[in-house]
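Here's the structure, in structure tokens; my notes come after.
Naming: A, B, ... by sequence-line order, numbering from 1 per chain. Remember, it's a predicted structure, so these values are computed and weren't measured experimentally.
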Amino acid sequence: MKIIIDDRAVECEEGALLIEVMLKNSIEIPHFCYQEDLGADGNCRMCMVDIKGMKRPQIACNTFVSENLEVSTISENITEVKRSILELELLNHPVDCAICDQAGECKLQDYYMDFGLYDSHLTTAKTKKGKHIDLGSNVMLDQERCVLCTRCTRFTSNITKTGELGIIGRGDSARVGIAPGRELNNPYAMNVVELCPVGALTSKDFRFKQRVWFLDSTKSICHGCSRGCNIHVDYNETKYSDEKIHRFRARRNNKINQSFLCDYGRLSYTELNESFNGEVSHVKDLADLLKEDKKLALVSPSMSLQQLQAIKSFCKNNAIELFSLAYIDDSFGDEWLRTNDMSANFAGVKELEINYDEGKFNSSLQDAHVVINFDHKYLKNMDLNNKRVVHFATSHVDSDYELIFAIADFAHDSGTIINCDGIRQDFYATKYESSNPRLVDILEELR
Amino acid sequence: MITRIVSNNFEIPDSHTMDVALSNGRYSSLKPVFEKEPQELIDIIKASGLRGKGGGGAAAGNKWQIVSDWEGTKYVVVNADESEPGTFKDRRILSLDPHLLIEGIIATCYAVGSNTSYIYVRGEYEEFSDILQDSIDEAYEKNFLGVGAQYRVDITIHRGAGAYICGEKSALLESLEGNRGHPRLKPHSPKPEFYFNEPTLVNNVETIASVPFILENGAEAYRAYGTEKSPGTMLFGISGNITKPGIYEVEFGVSMLEYIEKVGGGVKNGKKLKAVIPGGASTPILPFEMLKEARLDYENLRDLGSALGTGGMIVMDEDASMVKALKNLLRFYHHESCGQCTPCREGTSWSDKILDRFVAKRATMEDLEMLRSVSKTMNGKTICVFAPAASGVIDGFLKHFESEFLECIV
């Protein structure tokens, strides 16, 4: 079926939502309340379009397409409508972009530059509302910046079903708020920051740390559990300081995480900033150690397929018995994104037929003379007395292991992992080179 | 001039008690009602041309048919959230003849196939709600309601928390479900309202109270009153600068000036009539010159650029300041906007604030322009008709009384 949007024929399905058709075809349509995963609410009135045969402008988020629908988003009338509604959205807004963390990725700013560009007509005082309200879970609320699109309240009501947030008050004193004595404390709370199209909800973890236009972004996969949520890694390198990763943002993948992340995964970026700063061993010392017999290796189940493959052939060539053990935490998983298996690539371990029999591993460990740990978290707690230990670590370790090698973490070494549902996904390295070498390069050197 | 169909028991003492109600004909329509098939009753309502009396004036029969045809557990919700400024008719029914309402509810429930009814009473109407509750209790005792009744109907009163917007039917149902009273998006095809996803009929108190007369006496008896397109009668209210403010039932189509003179006793203290807001605050004001042709029916007032609304007229005499009157109304809209849609949330507050400058006689030409532009933005761009109503009010005042606003410009 075909409809016409701004004199251009667009292919779509009968009964589809007009705003979805437009977004799919990259036709610009301003909107606050509509969000792909939350659906339409119809309150912001920004997505108004002219439809041939209809007297009044209609909202695209409540219009279902039918054959030969003719839509205009750029007529003089509709531009004026959008401009006048935007003016009302911004009427009582504090316009404190200079100190707002959303600046640079704020829809109000974008739309103002697109079709606003007027001087304020307000001759009376602005409405005052609450500022810097700590909602809990790293979420800060500024009610004056809010456009009341209700994305956050719909998220807590319809998605997490925890219902912490609601709209309080009527008319121009309507504001997002939290019930007295309650706290925004569900495991997915920080999604509201990302859902917020303006600067009303900001992350306490990120705010005042970095202007977003200085950030670079790389496509990656969260390594917090086996779900494999798609993320953007936002990072930069400033003068006099090393590269720093500032945040993870959800990246849309409708098969896995839609546009959401759990707070644990979102905040797991901090591990990537704990760079290795101890003394690193020489590769030739490792080569000497490999001459010993009864060698055992334990590999982290969060390593990429490429790393696992390299380790597997390395172990085979050097007669090392290779194991991997999953990171299981029965209290972590839930019915949505989080899984009890907190390893990012355990499915990959299985695919490469690496031994994950814990009993076998424990008995082999007792006999082993040499233990090579490829960044596995559990080894720290194991009894390794009288053994010679080699540690490949992505982050700093305090230990007296005989040999320690710092290796690049997943933000600096691209690869592929398989999630709990068998979906194979690639992730990429940031544009800055890590100070630590890639694991595969070290193993290559040893050949 | 006064016709008594809905109001015929209003002047009988203790008409709200069961004994007095029974001896004055209440519940007498139920016998013929139960002898008919539900569809026959809907057809009678359709034939009578009964129109919703909450302000919109939509044909009641069609609404009944849609609910009756829709699959599901049906509900009948009576809208007694009467909060339109200048409107005070439903409270008369609730307090003076509640059994008429109950009788109407039973008949309506039988016609559309519902066993459960809710009466959503305005929060401030505590006194009337108590009277109504006593009458409902009496009706249960007499087996007009509940398990012992010939046709089982249960009525529950739900009192609102004082929001004007909950008189909008979908916001009312949201509120009844326990949510914030926010109007819902309108459907794209004819559909009933939904209460917890079940088909629901929402009718105004007066509409339901008109049902027993029609079902007992037939459609033609109702059509004997009023005009072709606005048949029957309505409880018209009159307030403001008027000698005898009150609620008086007359048939549709009578002359407004005649109503003001004969029924309302004319403008108070012999002053000259300046303007009338014809049907509750949300209908655009009409200046005296236009009132000569004004008749109290839906079509005539629509043609004059206003609306019949709830039929609650507000009369203003020659001393009334139109700037202050508009300020009064806009303060109401500012206070009552639910805050859901942007044009309404910001527009009602901004226009109210702009009016402050007019009242203080410190406005500028730009303020007048902004008032016009805000009014335009509020019209036809929101989920419900609250903002368009406020916009119509502003436009009405600026159209007919612009000179008074210009006087406030420095």
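Closest approach of B:Met370 to A:Glu87, counting heavy atoms only: CE-OE2, 4.2 Å. Of all non-hydrogen atoms in A:Leu88 and B:Pro343, the two that sit nearest each other are CD1-CA, 3.6 Å.
Side-chain contact check for A:Ile59 versus B:Leu185: some heavy-atom pair is nearer than 4.5 Å. Proximity of A:Thr123 to B:Arg362: side-chain heavy atoms (C-beta onward) are nowhere separated by under 4.5 Å. Contact annotation: the side chain of A:Leu122 approaches that of B:Trp350 to within less than 4.5 Å [non-hydrogen atoms, C-beta and beyond].
Residue A:Leu91 touches chain B through its side chain alone, counting heavy-atom pairs closer than 4.5 Å. In this structure, chain B has a heavy atom under 4.5 Å from the backbone of A:Ile168, while its side chain stays farther away. Contact of A:Gln58 with chain B is not made at all, since no heavy-atom distance falls under 4.5 Å. Only the side chain of A:Thr124 comes within less than 4.5 Å of a heavy atom of chain B; its backbone N, CA, C and O stay farther away. Interface remark: A:Ile167 contributes backbone and side-chain atoms alike to the contact with chain B (heavy atom separation under 4.5 Å). Proximity to chain A (any heavy atom under 4.5 Å) is shown, for B:Glu366, by neither the backbone nor the side chain. At a 4.5 Å heavy-atom cutoff, B:Asp356 makes no contact with chain A through either its backbone or its side chain. The parts of B:Glu336 that come within reach of chain A are both its backbone and its side chain, each placing non-hydrogen atoms under 4.5 angstrom from that chain. Using a 4.5 Å cut-off between heavy atoms, B:Arg357 contacts chain A through its side chain alone, with no backbone atom that close.
More than 12 heavy-atom neighbours from other residues, nucleotides or ligands sit within 6.0 angstrom of NZ on B:Lys63. Within 6.0 Å of atom CD in A:Glu11, more than 12 heavy atoms from other residues, nucleotides or ligands are found, so the atom counts as buried in its surroundings. A 6.0 Å sphere centred on NZ of B:Lys186 holds more than 12 heavy atoms belonging to other residues, nucleotides or ligands. Few gaps surround CD on A:Glu67; more than 12 heavy atoms of other groups in view lie less than 6.0 Å from it. More than 12 heavy atoms of other residues, nucleotides or ligands sit less than 6.0 Å from atom CE of A:Met1. Within 6.0 Å of the NE2 atom in B:His158, the count of heavy atoms belonging to other residues, nucleotides or ligands exceeds 12. Within 6.0 Å of the CD atom in A:Glu28, the count of heavy atoms belonging to other residues, nucleotides or ligands does not exceed 12. More than 12 heavy atoms of other shown residues, nucleotides or ligands fall within 6.0 angstrom of atom NZ in A:Lys131.
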For residues 402-410 of chain B, which side-chain donor-acceptor pairs fall under 3.5 Å, sequence neighbours excluded?
residue, atom, partner, partner atom, Å
B:Glu402, OE2, B:Arg372, NH2, 3.1
B:Glu404, OE1, B:Met322, N, 3.0
B:Glu404, OE2, B:Lys274, NZ, 2.6

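When the candidates A:Pro57, A:Ser84, A:Ala174, A:Gly166 are compared by the number of heavy-atom contacts under 4.5 Å with chain B, A:Ser84 comes out ahead. For the set A:Lys55, A:Arg56, A:Glu89, the entry with the most heavy-atom pairs within less than 4.5 Å of chain B is A:Glu89.
Residues of residues 376-391 of chain B lying under 4.5 angstrom from chain A, judged on non-hydrogen atoms, are B:Thr377, B:Asn379, B:Gly380, B:Lys381, B:Thr382, B:Ile383 by number. Of residues 34-50 of chain A, those residues with a non-hydrogen atom less than 4.5 Å from any non-hydrogen atom of chain B are, in numerical order, A:Asp41, A:Gly42, A:Asn43, A:Cys44, A:Arg45, A:Met48. Scanning residues 145-164 of chain A against chain B with a 4.5 Å heavy-atom cutoff picks out A:Val147, A:Leu148, ordered by number.
Checked by atom type and distance alone, the side chain of B:His188 pairs as donor or acceptor with a backbone atom of A:Asn62 at under 3.5 Å.
Annotation: the span from A:His93 atom NE2 to B:Glu346 atom CD amounts to 11.0 Å, rounded to 0.5 Å.
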